[in-house]
Amino acid sequence: MSIARPLPHDAAHLHVTGAARYVDDIPVPGNTLHLAFGLSQTAAGRITTMDLDAVRQAPGVVAVLTAEDLPFEADCSPSNHDEPLLAAGTVHYVGQPLFLVVATSHLAARRAARLGKVDIAAEKPVLSIAEALAANTRFEDGPRIYRKGEPEAVLPSAAHRLSGSIDIGGQEHFYLEGQAALALPQDDGDMLIHSSTQHPTEIQHKVAHAIGKPMHAVRVETRRMGGGFGGKESQGNALAIACALAARQTGRPCKMRYDRDDDMIVTGKRHDFRIDYDVGFDDAGRIVALDFTQYARCGWAMDLSLPVADRAMLHADNAYHLDHIRITSHRLRTNTQSATAFRGFGGPQGMVGIEKVMDHIAHARGLDPLAVRRVNYYADHVAPPPEVETGSAAVTASPAEDNTSRGAQPVPAATLPAPPEGVQTTPYHQPVTDCVINALTDRLAASCDYDARRAAIAAWNADQPILKRGIALTPVKFGISFTLTHLNQAGALVHVYQDGSIHLNHGGTEMGQGLFQKVAQVAASRFGVPLEAVKITATDTGKVPNTSATAASSGSDLNGMAVQNACDEIRERIRAHLAERYQITEISFAGGKVRAGGEQISFAEAAASAYQARVSLSATGFYKTPDIEWDRIRGRGRPFYYFAYGAACTEVVIDRLTGENRILRTDILHDAGASLNPAIDIGQIEGGYVQGAGWLTTEELVWDDHGALKTHAPSTYKIPACGDRPEVFNVALWDQPNPARTVYRSKAVGEPPLMLGISALMALSDAVGACGPAYGDLQAPATAEQVLAAVERTRA
């Protein structure tokens, strides 16, 4: 059985040899044209003149397009129709595309794009959260507010009370493969698009709209991406639309890719946040009431900012039970890149806020921060053990009986049951019925020897005047599902050929996270065949329609179930055929064999027999997540099907004279349910931690006073390198299956591990705390400069 085996990535051999084909590697016809944008150098203003004569006369230039040249409205927005492909009249950020160059080579297009002379009547840009608040530039009329209990009434009576604020910087996606697209004109004006995108259906929709065609006239194919992290959920729209429009006008294939500088200047980042808090707590550090105010810097267009800010609110509790809480969220418009999806989708920012509160309480009370965290945890809820998955071993029931997920319906709000007695609820009133954070923390604290190490660090700090160490163990509780309910669906197409080989296609996209391998393992297990019998082909809107983005950590959950459903339908047809042929009802599929009573044949022979009996060996699969319901306006419901849990313990050292710091050791215990592939999951956990720690320690985005991004290349923007990894890095998986009915009782492992990196920020804060009596109030990202500033504040 292929499930739960630690198998390598399906394309690992292609990755390490350089043979893996990405969009820029696809062989193109000899008459292919190449595109580049001319970009605004002004953050805000009105275009007065645009002289592009030098651009048109540049070597290799075939065409130059402006907003006036586009026959249809070319909108790139995934949400609000407020992102024109090319600026029309006004500009909103430095890096906004103004015109499009179509040339015979990539280099010719880029050189020509720099020759445009554009005069802009500049206006004062709104760049910061403070400026946006002062100007009242927003994406909603007022703040969104979620509440539970009566925080206003309880706060004044708390035994202890403190307030504070944390600034949380944004983050560049820094995928290894930049944004890229290729458009190939087809018959009758149809278009084939190759795009490095997490959302092929959105590319299909936006391109069809831009060229004035129905969606069936556009086919989008994505074999793989060289990283995505949310940055290819909507940011690839502009390139695909531009290529399609240029291909439509010229009748020639058109290709576009950003170089690294343009990619960083043009595309959106993780949202910057500022979070203010007012908290009341008792002697033990237990929170009795909490008031959060979250400010999200969204950039110039709406993009996905509303659901990102919503999810930040939904994760303001992290793993802590809060009876009285108010969360106020401001979604602010600024003249910067339109902030977009990034791994965690607002959840990390919300979690940093509550972890900062725990850190501050611990310092104020002189307590171990882990003790404060533990006293505030949700209570573990021991759910009944899940039904045993039959996998592919025996098939004696109908597909509906064998596959518990088939036909599941979302539960309407009116019928959602009240939480069981004693079950705690989140600030948005969802019962937490699968909590394991106490047991998981206990096991990690024991395995990493937390108590002894904390005592040793205290002794070290007492003896060392310059170098100070810190340690922190922080939890993760992350909700799994799209908060826009209709996105929680997936489709699949499965063919079994008469030689027993299996062709598989689904709506998920592969960006290096191992989704294709996991889903192939599901298919192989359902048919009881070796993994080598299964081939997954490129994600294709012509094979599986109306796909959701591969995002929200839902790739394996949704597409794995859709594939399982399709495989089970075919398997049932084969079973019924063989039952009639052998006059026996007990048929099993395992080890590449099919057994019918005393008879045994190969799976290939079974497939050939079914084909000769005119049995269909092709099926579509469909899955929609059950039991979810969410009212984002009221802030009530069950937006998440289940929660994924984890905890990380990080030890750091800082130099109190310079702020320089290092991560010395990290221990992680993470909940992947019954892992589909432990090797891939552990790799995702390791990578997620490093990316999260990088966001909160080294990755600093800097804009100048005119709105120009100054950190737009590897020379000025510091992602973690190999030397930034912990010297000691221990990762283990929690060994309990998911109580929710997911594919083989696994849990999502895409986004939750990123938030394990919060432990690095909290460990640095702990080290800062050893430098003086006052609270250092460390901000994020905790660069050397920020660490040094926090050290200075401890002496205040």
Side-chain angles (χ1 to χ4, degrees), residues 128-130 133 155 158 160-170 272-281 285 287 290-297 312 316 318 320 348-373 376 457-458 461 468-474 650 652-661 663 692-693 695-702 757-796:
S128 67
I129 287 173
L133 286 170
L155 262 173
H160 306 278
R161 187 172 178 178
L162 57 80
S163 60
S165 181
I166 183 169
D167 291 316
I168 306 168
D272 298 68
F273 266 63
R274 190 184 89 205
I275 300 179
D276 298 339
Y277 55 88
D278 185 357
V279 60
F281 51 97
I287 293 174
L290 179 57
D291 191 354
F292 271 131
T293 304
Q294 300 178 345
Y295 304 92
R297 182 168 70 160
N318 193 9
Y320 308 110
Q349 293 94 317
M351 288 190 188
V352 168
I354 187 67
E355 294 303 330
K356 173 72 168 180
V357 169
M358 296 297 167
D359 186 69
H360 200 169
I361 290 173
H363 185 275
R365 294 295 303 149
L367 300 170
D368 180 345
L370 180 56
V372 174
R373 291 184 167 97
N376 283 287
I457 287 169
N461 287 338
K468 301 292 184 181
R469 291 192 177 188
I471 189 170
L473 194 159
T474 62
T650 297
V652 301
V653 62
I654 68 171
D655 184 324
R656 62 189 293 269
L657 300 182
T658 65
E660 184 181 2
N661 56 84
I663 298 176
W695 164 49
L696 294 170
T697 59
T698 67
E699 298 186 43
E700 184 177 27
L701 292 165
V702 178
I758 297 173
S759 63
L761 176 66
M762 294 299 110
L764 288 171
S765 181
D766 188 56
V768 167
C771 297
Y775 185 54
D777 200 24
L778 183 62
Q779 304 293 296
T783 60
E785 294 89 342
Q786 286 287 355
V787 170
L788 184 58
V791 168
E792 292 298 321
R793 284 192 289 270
T794 65
R795 303 172 185 158

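Positions are given from 1, in the same order as the sequence printed here. Heavy-atom basis, side chains included; hydrogens, waters and symmetry copies ignored. Quick caveat, the model's predicted, so the values are computed rather than measured.
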Ile654 side, atom CD1; Leu764 side, atom CG - distance, nearest 0.5 Å: 7.0 Å
By ring pair (Phe, Tyr, Trp, His ring centres under 6.0 Å), which residues pair with Phe281, not counting sequence neighbours? His160
Steps toward side chain to side chain contact (heavy atoms under 4.5 Å, CB included) verdict (Phe292, Val357): CA-CA 10 Å; Phe292 271 131; Val357 169; 3.8 Å; yes
How long is the span from the CD1 atom in Ile457 to the CD1 atom in Ile471, to the nearest 0.5 Å? 4.0 Å
Residues that Arg365 engages under side chain to side chain donor-acceptor pair (under 3.5 Å), provided they are two or more places apart: none
Worked verdict on Asp278 versus Ser163 for side-chain hydrogen bond (donor to acceptor under 3.5 Å, both in side chains): CA-CA 4 Å; Asp278 185 357; Ser163 60; 5.5 Å; no
Looking only at heavy atoms, the pair that brings Leu761 and Ala780 closest together is CD2-CB, 4.2 Å
Using side chain to side chain contact (heavy atoms under 4.5 Å, CB included) as the criterion, list what pairs up with His360, not counting sequence neighbours. Leu162, Tyr277, Tyr775
Would you please name every residue forming a side chain to side chain donor-acceptor pair (under 3.5 Å) with Asp655, sequence neighbours left out? none
Salt bridge (charged side-chain N to carboxylate O under 4.0 Å, His left out) involving Asp359 - partner list, sequence neighbours excluded: none
Give me the atom names and distance for the closest heavy-atom approach of Ser765 to Leu778. N-CD2, 3.7 Å
Using every non-hydrogen atom in the two residues, find where Ile663 and Ala693 come nearest and quote the distance to one decimal. CD1-CB, 4.1 Å
Identify, with sequence neighbours excluded, every residue that meets side chain to side chain contact (heavy atoms under 4.5 Å, CB included) alongside Ala296. Phe273, Cys298
Rounded distance (nearest 0.5 Å) linking atom CG of Leu155 with atom CG of Asp291: 6.5 Å
Nearest 0.5 angstrom please: Glu700 CD to Thr783 OG1, how far? 5.0 Å
Partners passing side chain to side chain contact (heavy atoms under 4.5 Å, CB included) against Ala770 (at least two apart in sequence or in another chain): Asn461, Lys468
Looking only at non-hydrogen atoms, find the nearest pair between Asn661 and Gly659 and report the distance. ND2-O, 3.0 Å
CG of Leu370 to CE of Met358, rounded to nearest 0.5 Å, is 11.5 Å
Can you give me the closest heavy-atom contact between Ala362 and Pro369, atom names plus distance? CB-CA, 3.6 Å
Heavy atoms of Pro348 and Ile758 approach each other most closely as O-CD1, 4.2 Å
Using modelled atom types only, decide if a donor and an acceptor are shared between the side chain of Trp695 and the backbone of Gly169 within a distance under 3.5 Å. yes
Once salt bridge (charged side-chain N to carboxylate O under 4.0 Å, His left out) is applied, what residue pairs with a partner in residues 771-795 remain, sequence neighbours excluded? Lys356-Asp777, Glu792-Arg795
OG1 of Thr650 to CG of Asp766, rounded to nearest 0.5 Å, is 11.5 Å
Please list, chain by chain and in numerical order, all residues satisfying side chain to side chain donor-acceptor pair (under 3.5 Å) with Thr697, sequence neighbours excluded. none
Strictly distance-based, threshold 3.5 Å: is any side-chain N or O of Asn376 a donor or acceptor partner for the main-chain N or O of Ile287? yes
Taken in chain and number order and not counting sequence neighbours, the residues that satisfy side chain to side chain contact (heavy atoms under 4.5 Å, CB included) with Asp167 are Arg274, Gln779
Heavy-atom side-chain contact between Thr794 and Val768 under 4.5 Å: yes
Not counting sequence neighbours, which residues clear side chain to side chain donor-acceptor pair (under 3.5 Å) with Glu699? List them please. Gln171, Tyr717
